J.: 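Pasting a structure here, questions to come.
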Amino acid sequence: MKRRPPRYSAARLVSLGARKRAWPRAWREVPLQDSYDVVVIGGGVHGLATAYYLAANHGMTNVAVLEKSYLGSGGSGRNTAILRSNYLTPEGVVFYDRSLELYRTLAVDLNMNVMFSRRGHITLAHSDASLRTMHWRAEVNKLQGVDSSVIGPAEIKKLAPALDTSSHPRYPILGALYHPPGGIIRHDAVVWGYARGADALGVEMHQKTEVLDIMVTGGDGPGGKGPGGRVTGVRTSRGDISAPVVVNCTAGWATLISDMAGVGLPISTRPLQAAVTEPVKVFLPVVVVSGTLHVYVSQTARGELVFGASVDPYNTYDIRGSLDFAEGTAGHLLELMPGISRMRLLRQWAGLCDMTPDYSPVMGFTPVEGFLCDVGWGTYGFKAGPVSGEQMAEAIATQRTPELIAPFSLSRFERDALVGEKGAAAVGH
Amino acid sequence: MTRLPPQPGEVIDRSRPVDFTWNGRAMSGFAGDTIASALTAGGVRVVSRSMKYRRPRGYMSNDYWDPNGLVQVGDDPNVRSAHRLIEPDMAVEAQNVWPSLEHDLRAVTGLASRFLTAGFYYKTFMRPMWLWPTYEKVLSTFSPGGRIDLDTPHRYHDKRYTHPDVVVAGGGPAGMAAALAAAEAGAMVLLVEHGHRLGGHLLWGDDHDRTLAAELAAAVEAAGVEVLVDSTVTGRYEDNWTAIVQRNHPVAVERLIKARAKILVAAPGLIERPYVFDGNDKPGVMLSGAVRRFVNMHAVRPGSNAVVFTANSDGDAAAADLKRAGAKVTVVDARRGEGIVRALGGSKSVRAVELADGRRLDCDLLVTAAGWTAPTSLLNMACDRPVYDEATARFFPSVPIGNVLATGGLAGDGSPDELIDHARATGRLAAARARAVSHRLQAATARARPVDGEAPGWPPDIRPALPRVPHPALFRSTTHGVVDFSEDVSSKDMVGAATEGYDSVELLKRYTTATMGPSQGKLETVNTVAVLAEARGQTIAEVGTTVWRPPYAPVTMGALGGRLFEPQRVSSIHPWHQANGATFMLAGQWIRPDHYGDPAGEVRNTRQNVGIMDVTPLGKLDLRGPDVPKLLSHLYTNKWMKLAVGSVRYGIMCAEDGVILDDGVTGRLGDQHYMMTTTSSGAATVWEWAENWLQTEHPDWRVHVTPVTSGYTSINVAGPESRTLMRRLAGDVDLDPEAFRYMQVRTATVAGIRDCFMWRIGFTGELSFELHVPAGHGLAVWEALLEAGEDLGVRPFGVEAQRIMRLEKGHFIVGQDTDGLTKAPAVGLRHLIKLDKHDFAGKPELAWALEDPSAPVLVAIQPTHHGRVVPDEAAQIVRPGTNEIIGRITSSRMSPSLHRPVCLGQVLPEVSDPGTELTVVMLDGRRITARVMEHHAHFDPDGVRVRG
Amino acid sequence: MLTSTRTECGSVAELPAFESPVSRSFVSDAGASMEPRRPGAALTLHDVSVTTKIIVRAGPETVAGHQMDTPFGASRTEDGALVVGQRPDEWIILGPAAASRALIDGLDRSGHVSVIDHTHSRALFRLTGDEAASVLEKLCSLDWNDHMTPDGAAVSASVAKVTCDIVRNDLDGTRSYLISCDRSYGQYLFDAILDARHEFGVGAPADAAG
Amino acid sequence: MLIVPCPNCGPRNAADLRYVGESRPRPDPNSASAKEWRAYLYERANPAGLLRETWYCRSGCRRYFTLERDTVTNEFTNPPTPVAKLGKRP
Ligand SMILES: Cc1cc2nc3c(=O)[nH]c(=O)nc-3n(C[C@H](O)[C@H](O)[C@H](O)COP(=O)(O)OP(=O)(O)OC[C@H]3O[C@@H](n4cnc5c(N)ncnc54)[C@H](O)[C@@H]3O)c2cc1C
Ligand SMILES: NC(=O)c1ccc[n+]([C@@H]2O[C@H](COP(=O)([O-])OP(=O)(O)OC[C@H]3O[C@@H](n4cnc5c(N)ncnc54)[C@H](O)[C@@H]3O)[C@@H](O)[C@H]2O)c1
Ligand SMILES: Cc1cc2nc3c(=O)[nH]c(=O)nc-3n(C[C@H](O)[C@H](O)[C@H](O)COP(=O)(O)O)c2cc1C
Ligand SMILES: [Zn+2]
C-alpha cells in the first residue's frame, strides 16, 4: 500500500513547467472504509502529525484522519505561527525543544518547504516583575541547553529598530528575553506537508467527515461510556467505523469529542483572535511579544504584519472576531512601534482555543481504554505539533506513556500536580 | 493630454490647479481630482507592477478597490490612488518597483512564470538547508507593499461612540432613500458613504441620474440625517456593534466611530467584476465603471481607440460616454454571443484584441462590462451566508437577519423607482424595528426614562422583493488570465492547484493566496469560485465562497488604536515626589517613587533615624457590619472571631486551590468596623473576591465592603525615632510602648487632621507607624512630618529601600516569592492555617498541602564565602554537579544593614533544612554556594526592633 | 529645602485646606477649571472634588433605606444635597464642602446601615454645556441620549477606561454631568476630559502620543 | 461587542463586566473527596449550547449574577427582569 511521495524540487518544477505538465495530487481522495486500526479525529497539525508518525515511525498505516471541514480549518490554519521553546518549566522546555528540533528538519523530512524562518524571538519586559520572569525563563532554558538570554534596550533596538526603546512610553521597554532559535513558519504548509507525507505512507485523510459519536462499551457512565469502558469505533456523518483506538485531536472542540466517550476534561473553549495588515517592505526582522500588553507580532516574508492578542474574555464556540480586539491590539502595537500607525489592517479572524487551568496540554491515555487525548493546546499548540505527533504515535504503538509527555497526563488534575506554566502567567503580569 | 473639455457632471474645480509629483516628476491636476484621474489626465498609463511577475499594470477599476492603483504618498503606504484626492505638493510614488517603475529588474520572474506556478515555493529551496535563510531574504524583497517610515509618529486620532437608531452603509440612491425614509419615520439616522460625496453610481451617470442624486442628497440633509462622507462602515460585530472610519474629521487624522446601531441597513451597491482572459492585466484593459468615472466625473479620456466588451447596459453607457468624449469605439456584445479571447500588445499597453470570431481589432483601451459582484460582507459578518443565483450570475444575501437589512443593488435590480421604493420600505422597516429595540432597551435600563405604552411587536418584513434582471454568466473566456490581480494568481494557477488536491475553495485560497490581497475578494471572489467550479465540474453554488471578514475596507492602525486610554494613578503626595527628585516606577497603574537617589542610604537612614514612605497604593477595604469576623475567617486562613477592638492581625488569603492570593493586615477600628489592607496589586482582586463570597455563598452575612484605597493617603513612618516624631504630631494618642503596642491600631488627629488612623506594624522590621490620613490632607501631613522631624533626620524612602528592608526581615512578597502554584504551607507560616475552622476558602487543598512532603518551600538563603557576590534574582538552584533544578532565588539584595547579600528562595523540601549548602547558578553561568538560613529574617530575627 | 506642592481647591472652613486631586492642567497653569475659548461653545469643566460625598449602604428593610427614597439609577435633590441611587441598596449623597458631619448626623443608622464619608476617596468633576454629551460620547460607551439618560439619571460606567459614577444633573436647563472617579485617577481623568473637549473649540489637544 | 443583560443595570457592554465563568456548585469542603474537589476546581462542562455562567457587573452595579447563554450563538436566554426597575421613581 506504500506509495512514494511525488518528489518536490526546483528541477522538477522546471521540468514539469517545461512540459506544461501538472503536479500530481498531494493526497488522495479515497472511499471511507468501515474499519481502521486507528481513527484520528481532527485534521489539524496534531491529528495529521500523529497519523504521519504512526506510519513513518511505527509502520501503522491502517489509519484514518477524520476532519469535519477542510484540513487545517481549525487552529492550525488560523494561528500566528510562532515557534519557540523558551518555556518556564523544565518539562515544558524539553518538550517544546524537541518539537523545534523536528521542525528544523521538517522541510527535508516531508519534502515540502514549510518555510521555517528561525529569525529570533523577543519577549519584552516592561516592569521589574516581568524582567524577573524573563530572567527566570532564561535560566531554566539555559540549564536545558536552550539558547535564551535577557538583553537590554540597546540590543533590542538593534534587533528591532521599529521598537520605541526610549524611556518615554507608558510601558517602557526595560529588557527582553531573547530566543534566537524561535521564529515563524508557513502554518498551512506544515499541515499540507504532514497530510502529503502521511498519505504517501498509506494513511487516509477524509475531509468533510464529522464524528458524531464514539462507541464505547463497558464503562461506568450512561450507555456504557466513561471510565472503565473500551472504545469500539466512531459514528460519522458518512457512516460508522469500527476502530480499537480513537485519538481526540480536536483542540477547541475537544470537550465535545471527549463527552462522546464519557471522559471529562479541564477545558474551556475560548476564541483567540489574530489579524493581518497590508504588506509593506520588510522592517521587522524578529518576532516580538509583550506579555504585559498582550500582543505578539511578526512580519511575514510577504511584508504583512501578523499579530494576535490573548484569548477572548468569555467562553464561546463562535469565531466572529471583535472590534475590541482590533482596537486594543492596534493600540498596544502602536505603543511599542509608533511608526506603524499608517499601516492598514486587512483582515481579522479567530480560532477556538482549548484552555486548561495550567496552560499545559492534556496528552495520552484516558480512563476509557483505546481513547486517547492530545488536547488542551490553548493558544500555543502549533509549535507542539511535531513532538505531539511523534509522542502520541509512540504511545499508541507501544501502549506506554512516553516520558516526555508524562507530566501532561489527564490524571494530574485529580492529583493536583499541575504544570507550572501557570506560574509564569501569574508572575508575568 | 487626455483632459476633456468641461463635462456636465465633473467634480473637479478647474479654477484650482493643484501641483504634485509622481515619482519625483512634476504633475498637476485640479482640486477634486483623485491621484488616478490626475495621473491619467497627465498621460500616465503604468502605475504599478504586479506582485510576483512584475508585470506593468494600469488602472483597471479606477475605484478604491483597484488592485493596481496602490501608491506611496509621503510616509503613507498603499494609498488607494483612485480614491485619494490630490493635494498641493503631495509626493506620490509607485511602490513595489525596483529600481524604477519603467525598468523593474525583477520582471525577469515574469519570463519564468510558467515554472513559478502557485505554491512553487513550497516545492523548492529546501536543500541545502543552510541556504534557506538566504533564499528567505531574496523572497522577502518581493514583498508587494509600500514602505513605512519608522519615525512616523502616531498622530492625533480620535474615537467616538454613538447610539443611532439606524446606520445606513452606503450613500447611493438606495442608501439615501432608506436613510430618508427612516428619518421621516422618526428615527435617528447615521448615513455613511465611503466615497467623497453622496450619490453612489448616479454620480457618473447621465443628467437624469445626477439630478436624482442631488435631490435625494438634499432631502437627506433636510431630514436631519447625520451624514458622513469619505467614511466607511468597516465592520458589523456582535449585537450590531458597528465600526465606522471617518477620514474627513476636521481635527483628528481619522476617527473610529463605534455605533451601537439598533438596525443596520446595508446598501453598498455592487462591485463590477473583471473578466478573465489572456492579457486581461495589460494597462489599458479597464472595467466599464472605471471608464465612466474617468470621463464623467473627472473629464479624463482614458483612451482614444476603444473596444467595449459588454454584457449589460453599463457597458453600453460606457461606450456612449467614450463616443461622446471623442474616442473611436467598437462594441463587442456578449448578449449577441460575441466574445473576446485575448488582449494583445506590448507589456506597457494593450494594442489589440482578438475576438472569439477570430477578428483582431486594434485598440488602446479595452473595456469590459461582464457583470457584478455583490459585496455581501457586512451581512456575512452578521452570520449570513450568501447564496448564488444562476440567472443573475451573482450572490445574494440569504436568510434575512433581524437587525440587519439589505437594499439596493445588493438586494436586486429594477428601475430607479423600484429601487427607491424598496429602499424607502427598508428605511421604514428599519425605523419601526429600531423603535421596538429602543423600547426594549429603555424598559430594561434602570437609569432610563420610563417607557410609554406597551412594547411594540417586532415589525415583520413585508417588503416586496426587488426584481432580478438576468445577466449572462461571464467569468472566463476560452483563455487563461489573471483572476487575482493583487496576488498575481491566474486561472491556470488555480486549475493546477485544484488538480493537486487543493480543490475546496478554502484550500485553494490558502494555496494560491487568491482573495487574500488588499481587495479581499471584492473583485476576484466570484471568478475564483467559477474557475474552481469549472475545474471540478461542479456548480458555483456547490463550490460556495470563502468567508468575508472585517474590515470591509482596510483601516489604519492609527485609527484603530486611537488615543490610548492608559489610566494612571497617583497619590496625593505625588506632586511632592515630582518636585523632590524621586525616580518613579510603574506598579500596575500606579506611579510610585522607586527611590530618591540613594536607596541604600534611605535604608540606613530609616534603620538609624526615621524614614517616611508613601504607601498609598496599599489596598484598603472598609468593612462594616456584624458579620465581618465571619467574612474575615472565610477569606483568611487563620482565625478572626476574637480580634479585639484596637488590634491588628496579619493573614494570608488563598484561592480555592490553596494557592496564595494575597496577604495583609486587618484591624478592628470599632465594634462593627474593620479596615483591611491588601497588597497594592491585589486590591481590586480581593475586593471582588470578598464580594463574590458575600453575594453568592453567604448572602445572609451582613457586611458592607467599601474600597477606600485612595481615600486615605498612607504613610509609613519607620525607624528608631519614629515614635519621637509621631509624638510631635499625634498628641492625642498615647504612644507609649505599653499603651500602643505592636499590632495595634488607633484613630488619631495628626498634624491637626482628624479622622486619621494608624497602626503599629512594620514591613521594614523597624519600630513603625503606618499612618492613614484622609487623602485631601495627605500632602499636608507628609510635609508636616518632614518639617517636624527635620532635627531627627527624617528622610523619605522609596519602594526599593522598602524592598531591601523587608528582605532583610525575610518578609515574602506575594507574586515575587510565591508563584501561581505556591500554596500557603510553603511560605513557612503553617501555624496560620487553622483547619479547625468550619470553612474557609481553599480549606480542603490546604489540608492536603499541609501533608504534602514534595512541594517547594520558601527559605532564607545567604551565599557562603562569596561575601559581596549578590545572587541574581531568578538564579536557579541546582543539584551539585548537574543541571537538575531544585530551587531558585526569588528575592535578592545586598543588605546595607548587614553588609552581605540576603536572599529568599524556593527550594525542594529535601534541601530546605537550615545549614544545607546549595549550588546557585549565577546568570553568567558561575556556580556559587549558598546556605539555607535558620530564620526567614536575616536581620533582627527576634523582632526586638519592631516591637520596641 | 523642601518644595511645597500643594494645590488647594475650594475654601473650606477647616485648616489646612482640602487638596484637590487635580494639580495641573495642560491648558494653562491658571487653575483646574477652564472656560471655553470659542465664544458660544459653552462647555465648562470644573473640578468640584471638594464636594462632600457620603456613601449610604442600607437594605430596603432599614429606615435609612427609606430615607433615601431614590431608586437605583435615579437622583433627587433635598436641602441642597443631591441623593443619588448609585447602586442597588447604595446611595451617594453629594453636599456642600465640609458638610459631612451635618449630613451624616441627619441619617438614621439603625440596623445594618453603613455611612461612610467618601469625600476624600473620589475626585468629582462637573461637565456642563450643550455639547457635554458629545464630549462624553468620546470617552464612554453609554447612550447619553435623553430617553436613555435623562436629567437625574445616575449610572456607573467606564470613562476613558476608569470606572466612574456619573449623574446627569442639568443646570438651569443646560446639560450638566457630575463625574466622579477614584481620587488617584483624578488628574488622569481630568486631562482626558479636557482633551476630548478640545474639538468643540476649547483647549489644546494632548500630546498625540497621549 | 456582546451585550450582557445585567438584571440591575440593564443591557451593558460585555467590557463593563467581568466574566467569572461556568457556574459550578461548591462541594462541602469538609467532606469532599480530592476527586470531587478537584473536579470543582478544574473540570468544565464547556458545552456547545446552553451554559449557566456567572458574570460580575464590574463597572456598573457591582453585583454577581448568573445567566444562561448559548455558547454557539452567544444569545442569552430569558434575560432577567431588572430588579431595580420595580423601585419607584421620583
Ligand atoms: C489566532 C491564533 C493564534 C495562535 N498562535 C499560535 C502561535 O503563534 N504558536 C503556536 O504554537 N500556537 C498558536 N495557536 C494555537 C494553535 O493554533 C493550536 O493550538 C493548534 O493549531 C492546535 O492544533 P490541533 O491540530 O490540535 O487542532 P486544530 O488545528 O484546531 O484541529 C482540530 C480539527 O478538528 C476538527 N474537528 C472538530 N470536531 C470534529 C468532529 N466532530 N469530527 C471531525 N473533525 C472535527 C476541526 O474541524 C479541526 O480542523 C494559535 C491559535 C489561534 C486561534
Ligand atoms: N454601482 C454601479 O455602478 C451600478 C451600475 C449599474 C447599475 N447599478 C444599479 O444601481 C442600483 C444600486 O444602487 P445602490 O444605491 O444600491 O448602489 P450604489 O453603487 O449606487 O451606491 C452604493 C454606495 O455605497 C458605498 N458603500 C459601499 N459599501 C460601503 C460601506 N461599507 N460603507 C460606506 N459606504 C459604502 C459606495 O461607495 C457607493 O457609493 C442597483 O440596482 C444596481 O444594480 C449600479
Ligand atoms: C499566518 C497567517 C497569515 C495570514 N495572512 C493573510 C493575508 O495575507 N491575507 C488574507 O486575506 N488573509 C490572511 N490570513 C487569514 C486567512 O485569510 C483566514 O482569515 C484565516 O485562515 C481564518 O480563516 P477564515 O477567515 O476563513 O475563517 C492569514 C492567516 C494566518 C494564520
Ligand atoms: Zn449591573
Side-chain angles (χ1 to χ4, degrees), chain A residues 68 210 212 220 227 250-260 262-271 273 311-328 350 352-360 362 367 375-376 410-419 422, chain D residues 1-6 11-27 29 31-60 63-77 79:
Chain A
K68 71 181 166 85
E210 181 169 5
L212 306 173
D220 301 340
T250 55
W253 298 266
T255 306
L256 310 180
I257 297 294
S258 283
D259 282 351
M260 294 176 192
V263 173
L265 288 179
I267 284 179
S268 297
T269 294
R270 294 274 179 103
Q273 303 192 46
V311 286
D312 284 5
Y314 47 88
N315 290 12
T316 174
Y317 284 87
D318 174 63
I319 55 160
R320 279 174 280 176
S322 72
L323 181 61
D324 316 53
F325 158 79
E327 290 184 79
L352 295 182
C353 290
D354 36 347
M355 306 302 294
T356 59
D358 59 357
Y359 296 79
S360 297
V362 174
V375 300
L410 175 59
S411 67
R412 75 176 182 277
F413 294 96
E414 203 175 306
R415 292 181 279 118
D416 203 41
L418 271 54
V419 179
K422 178 187 173 191
Chain D
M1 186 186 318
L2 186 69
I3 297 180
V4 181
C6 171
R12 295 289 298 246
N13 285 343
D16 291 347
L17 296 101
R18 179 165 66 84
Y19 182 64
V20 181
E22 220 169 85
S23 311
R24 293 182 74 81
R26 184 172 188 249
S31 63
S33 67
K35 195 175 156 71
E36 285 161 355
W37 186 258
R38 279 149 189 176
Y40 154 68
L41 289 180
Y42 303 124
E43 219 171 276
R44 295 292 173 262
N46 196 31
L50 288 187
L51 173 67
R52 278 200 79 70
E53 58 191 10
T54 305
W55 294 80
Y56 175 62
C57 192
R58 183 186 249 164
S59 318
R63 290 293 179 271
Y64 287 83
F65 48 85
T66 300
L67 295 174
E68 198 173 61
R69 180 175 54 100
D70 185 325
T71 59
V72 177
T73 61
N74 284 344
E75 266 163 33
F76 290 92
T77 48

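So you know, we letter chains A, B, ... as the sequences are listed, proteins then strands, and number each from 1. Predicted, not measured: the structure shown is a model, and the values here were computed from it.
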J.: The test is side chain to side chain contact (heavy atoms under 4.5 Å, CB included); show your working for A:Asp358 and D:Tyr42 and say whether it passes.
T.: CA-CA 10 Å; A:Asp358 59 357; D:Tyr42 303 124; over 6 Å; no
J.: Would you name the heavy atoms of D:Arg44 and A:Ile267 that are closest together and state the gap between them?
T.: CB-O, 3.4 Å
J.: Is there a side-chain contact between A:Tyr314 and D:Arg69 in this structure, where contact means two heavy atoms from C-beta onward sitting under 4.5 Å apart?
T.: yes
J.: Heavy-atom distance under 4.5 Å between the side chains of A:Asp416 and D:Trp37, does that happen here?
T.: no
J.: Would you mind checking which part of A:Thr269 comes under 4.5 Å of any heavy atom in chain D, side chain (CB onward), backbone (N, CA, C, O), both or neither?
T.: both
J.: So, for A:Asp324 and D:Met1, which heavy atoms are closest and what is the spacing to 0.1 Å?
T.: OD2-CE, 2.8 Å
J.: Top residue by heavy-atom pair count (under 4.5 Å) with chain A, among D:Pro47, D:Ala34, D:Gly21?
T.: D:Pro47
J.: First locate atom CZ of D:Arg38, then atom CD of A:Glu414, and finally report the distance between them rounded to the nearest 0.5 Å.
T.: 8.5 Å
J.: Taking every non-hydrogen pair under 4.5 Å, which of A:Asp318, A:Thr255, A:Ile319 racks up the most with chain D?
T.: A:Thr255
J.: Is D:Ala14 in contact with chain A via its backbone, its side chain, both, or neither, using a 4.5 Å heavy-atom distance?
T.: side chain
J.: Is chain D contacted by the side chain of A:Arg320, its backbone, both, or neither, given a heavy-atom distance below 4.5 Å?
T.: side chain
J.: Give the minimum heavy-atom separation between D:Glu43 and A:Leu265, together with the two atoms involved.
T.: CG-O, 3.7 Å
J.: Residues in side chain to side chain contact (heavy atoms under 4.5 Å, CB included) with A:Leu256, at least two apart?
T.: A:Trp253, A:Tyr317, D:Ala48
J.: Is it true that the side chains of D:Asn74 and A:Thr316 contain a donor and an acceptor less than 3.5 Å apart?
T.: yes
J.: Counting heavy-atom pairs under 4.5 Å with chain D, which one of A:Pro313, A:Ser258, A:Ser322 comes out on top?
T.: A:Pro313
J.: As an exercise: rank D:Leu2, D:Val20, D:Asp70, D:Leu41 by heavy-atom pairs under 4.5 Å with chain A and give me the winner.
T.: D:Leu2
J.: Hey, could you give me the CG/CZ distance between D:Asn46 and A:Arg270, rounded to the nearest 0.5 Å?
T.: 9.5 Å
